[in-house]
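Here the structure is laid out as structure tokens; the discussion comes afterwards.
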Amino acid sequence: MSSSIAIAENNRTGVRSLTGGEAIVEILERAEVGPMFGMGGFQLLPFYEAVRRKGLTHHLINDERCGVFAADAYARMTGKPGVCDATLGPGATNLVTGLVESLNAGVPQVIFTGDTHRDHSWKNMTQESRQLEILRPAAKEVIRVEQVRRVPELVRRAFAVATAGRPGPVVVDVPEDVAHDSFDFPFADLWIDPVTARFPAYRARPAAGDVERAAALIAQAERPLLLVGGGIHLSQAYDALQAFAEAQSIPVAHTLSGKGAVACTHALSAGLFGRYSRIANDLIEQTDCLIVVGCKLGEIATKRFQLFDGSVPLIHLEVLPEEIGRTTRCDHPLVGDAALGLEDLAAALRGEGKSARLARADYAAEVPLRMAEWRRGATDRLESKETPINMGRLLNELNREMPAESVLVVDGGFAAHWGGLFYDSKLAGRRFLADRGFASIGYGLPGAMGAQLAVPDQPVVGVTGDGGFNMMIGELETARRAKTPFTLIIVNNAASGYVKALQHSMYGEYQSSDLIEMNYAEIAQDFGCHGLRVTDPAELGAAIRAANAERGRPSVIDVVVTRDPARMLPGVDNRTLKVNKGDRPV
């Protein structure tokens, strides 16, 4: 906090005349927000002027969806709410896709939208729409500021809601006159609770009796298995999870969002479970106790709700009570924060640790052996020399070249599934970032930009398809202007790959799934970025090293991958199968 703020706040009896837009920025400064993203309009001009005078960091974006995606990635990497803004009408409605991503993924954001002057609302004002009704179901809460004097209170409220419980995005709707009008704000009103400027803000423990009953079940289990989702990152429960898993010799499987719960190289890591799996789905079939942590057990994690048959006791640790039992029967609910819940389970089982490790020694030893066997079976993809390039080879080269502290950001769909299955994070933590809340295509570029701003000294690589890049190609200009030296790998298969692969599986014919063959390295160079094109798998490692070494501008690696739709996915997608009663899904 600056010295001028400290001096002002020591004089709590005084007042300060501020516009509504300036008052917003006063609270943001006290919250110590990171870089903001947005595209201005007349309604929020006082906000922009206050940002300029205070020297806060704000990046103009070319599409509002990019702003929400970048702020989302920044929040995931830093533990601080993302902040972005949009003008009224089309600016506000362009936020919807990114808002739903953050809402479903539990990522906190505070988003400011301009709105019409209240004296003239509903008189066919330019760009006027029913934007609050459009945004409300896409956000955790929508707050309308009706009086200038309430700006500090309601911005504080936005942070409190965004970071509480399961975090999420909060929209603060600011009418034109509220942003432009002035009020004499008491110094005592210009404050924010610092706890709400990070997430999770206030943690809750599961009920002690529930913990004891769950612990008793775990103590009796011979082959318990931890299934971990994205909530592990929201709670930052890595130490608690690893300590619990190691003390009790329990393997850890993860969803796409939960990758990094423990290092993928850890001896107890069972990898991805659900639609695509290395060994985890087989372990699920053989377990006698499932411990679900911070996971919604949605369609992909459960193979469209067919992975669990209800015969095995299930413990579900989840911060949001309504998620428990929503898709899968739960025998022992634990409502609370993931880190605190795991700590409480560990404490309840502390006396059982030595005997548990002895009893489960053979079980735990299976995990690295099974994983090694899977790798041997996947060698044809991991070491493939074929051209066009095999996606497995691309991910394996990233495994080899990416240092432990680096971050891989994967776009929705194609890139996420290949990355989730084949990429190995070498440290626990948010080292693999996938937009699985809404699985929107187009997250790769802005997500990599937001992640790079969060960790400026660490290598950040984004993986997106050519279709996803086409959606966000204009944001290369934003990334260059923001001086973000991430590497973006374009998976160039001249198609909407996931769609074409599904059409192949179901029909063998294709409609509206092919793209024009493009040289994205040349396009990147035209944007003033570093561009490379790779058609030979032997050149992948050198290209990744060269791109990561470029720290003055973004790099784009155009990787020409297989055009065969039968080989575009990492495995069979269960949605293309006809599953009859009694069948075992692939």
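Judged by distance alone, the side chains of Q306 and R304 never bring a donor and an acceptor atom under 3.5 Å apart. With 3.5 Å as the limit, one finds no donor-acceptor pair spanning the side chains of S555 and T487.
Remark: L340 CG to L317 CG distance equals 9.0 Å, nearest 0.5 Å. Note that CZ of F486 and CG of L445 are 4.5 Å apart. Values are rounded to the nearest 0.5 Å. One distance of note links CD1 of I111 with CE of M36; it measures 13.5 Å at 0.5 Å rounding. Of the inter-residue distances, the one linking I300 atom CD1 with F273 atom CZ reads 11.0 Å to the nearest 0.5 angstrom. Here the straight-line distance linking atom OH of Y443 with atom OG1 of T464 works out to 12.0 Å at 0.5 Å rounding. From L45, atom CG reaches atom OG1 of T19 across 10.5 Å, with rounding to the nearest 0.5 Å.
Applying the side-chain contact (heavy atoms from CB on, under 4.5 Å) rule to S17 yields the partners S182, D184; only residues at least two apart in sequence or on another chain are considered. Evaluation of the salt bridge (Lys or Arg N to Asp or Glu O under 4.0 Å) rule for E133 yields R130 as partners, not counting sequence neighbours. The side-chain contact (heavy atoms from CB on, under 4.5 Å) check on D344 picks up R205, P206, V211, with sequence neighbours excluded. Listed by chain and number, the residues in a salt bridge (Lys or Arg N to Asp or Glu O under 4.0 Å) with E323 are R166, R326 (sequence neighbours excluded). For T196, there are no side chain to side chain donor-acceptor pair (under 3.5 Å) partners at least two apart in sequence or on another chain. With sequence neighbours excluded, the residues forming a side-chain contact (heavy atoms from CB on, under 4.5 Å) with D514 are A495, K500, listed by chain and number. A86 is linked by a side-chain contact (heavy atoms from CB on, under 4.5 Å) to E64, L95, counting only residues two or more places apart in sequence or in another chain. Under the rule for a salt bridge (Lys or Arg N to Asp or Glu O under 4.0 Å), the partners of R553 that lie at least two apart in sequence or sit in another chain are E550.
Counting only distance, with no hydrogens or angles, the side chain of R30 and the backbone of E26 share a donor-acceptor pair below 3.5 Å. With hydrogens and angles disregarded, a donor-acceptor distance shorter than 3.5 Å links the side chain of H316 to the backbone of C295. Side-chain atoms of D466 do not come within 3.5 Å of backbone N or O of N492 as any donor-acceptor pair. At distances below 3.5 Å, not a single donor-acceptor pair connects side-chain atoms of D72 with backbone N or O atoms of V68. Judged by distance alone, with hydrogens and angles left aside, the side-chain atoms of S257 form no donor-acceptor pair with the main-chain N or O of G229 at under 3.5 Å. The backbone N or O of S235 sits less than 3.5 Å from a side-chain atom of R203, completing a donor-acceptor pair. With hydrogens and angles ignored, the 3.5 Å screen pairs no side-chain donor or acceptor of Q458 with any backbone N or O of V407. Counting only distance, with no hydrogens or angles, the side chain of K296 and the backbone of N104 share a donor-acceptor pair below 3.5 Å. D411 places a side-chain N or O within 3.5 Å of a backbone atom of G442 that can act as its donor or acceptor partner. With K259 contributing its side chain and A434 its backbone, the two residues share no donor-acceptor pair below 3.5 Å.
Within the structure, salt bridge (Lys or Arg N to Asp or Glu O under 4.0 Å) contacts touching residues 93-121 (residues at least two apart or in different chains) are R76-E101, D115-R144, R118-E146, R118-D177. The salt bridge (Lys or Arg N to Asp or Glu O under 4.0 Å) pairs that include a residue from residues 467-485 are E477-R481, where partners are two or more places apart or lie in different chains. Applying the side chain to side chain donor-acceptor pair (under 3.5 Å) definition to pairs two or more places apart or across chains, those involving residues 151-164 are R150-E153, R156-D189. Every pair passing side chain to side chain donor-acceptor pair (under 3.5 Å) that includes a residue from residues 83-92 is listed here, sequence neighbours excluded: Q43-T87, Y48-D85, H58-D85.
Atom CD of E322 is surrounded by more than 12 heavy atoms from other residues, nucleotides or ligands within 6.0 Å.
R436 places none of its side-chain heavy atoms less than 4.5 Å from the side chain of T255. V172 has its side chain out of reach of L154: every pair of non-hydrogen atoms, C-beta onward, lies at least 4.5 Å apart. A heavy-atom distance below 4.5 Å is not found between the side chains of V83 and Y74. Contact check for Q452 versus P485: side-chain heavy atoms found under the 4.5 Å cut-off. A 4.5 Å side-chain heavy-atom check between Y202 and D193 finds at least one atom pair inside the cut-off. No side-chain heavy atom of V142 sits under 4.5 Å from any side-chain heavy atom of V170. Side-chain contact check for L227 versus T302: every heavy-atom pair is 4.5 Å or farther apart. L297 is listed as a side-chain neighbour of F308, based on a closest heavy-atom distance under 4.5 Å.
Between K123 and E128, none of the side-chain N atoms (NZ, or NE/NH1/NH2) sits under 4.0 Å from a carboxylate O, so this pair counts as no salt bridge. Salt bridge present: E22 and R53 bring a charged side-chain N and a carboxylate O closer than 4.0 Å.
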Quiz item: Can M449 and H59 be said to form a side chain to side chain contact (heavy atoms under 4.5 Å, CB included), step by step?
Solution: CA-CA 11 Å; M449 179 171 64; H59 296 290; over 6 Å; no
Quiz item: Checking side chain to side chain contact (heavy atoms under 4.5 Å, CB included) for the pair L342/I232: CA distance, chi angles, key distance, verdict?
Solution: CA-CA 10 Å; L342 288 166; I232 204 75; 4.1 Å; yes
Exercise. For the pair Q147 and V178, evaluate side chain to side chain contact (heavy atoms under 4.5 Å, CB included) and give the outcome as yes or no after the intermediate values.
Key: CA-CA 6 Å; Q147 296 176 315; V178 170; over 6 Å; no
Quiz prompt | side chain to side chain contact (heavy atoms under 4.5 Å, CB included) between E299 and R275, intermediate numbers included | solution = CA-CA 8 Å; E299 176 195 359; R275 179 175 294 165; 3.2 Å; yes
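Closest approach of R65 to S440, counting heavy atoms only: NH1-OG, 4.1 Å. Across all non-hydrogen atoms, the minimal contact from V463 to A415 is O-CB, 3.5 Å. Here the closest non-hydrogen pair linking A138 and P169 is O-CG, 4.1 Å. For the residue pair A92 and T113, the shortest heavy atom distance occurs at CB-CG2, 4.2 Å. Across all their heavy atoms, Q131 and G89 have their closest contact at OE1-N, 2.9 Å.
Below 30°, between 30° and 60°, or above 60°: for H117 and H120 the angle between ring planes is between 30° and 60°, a tilted geometry. Classification of the F47-F112 ring pair by plane angle, with boundaries at 30° and 60°, yields tilted.
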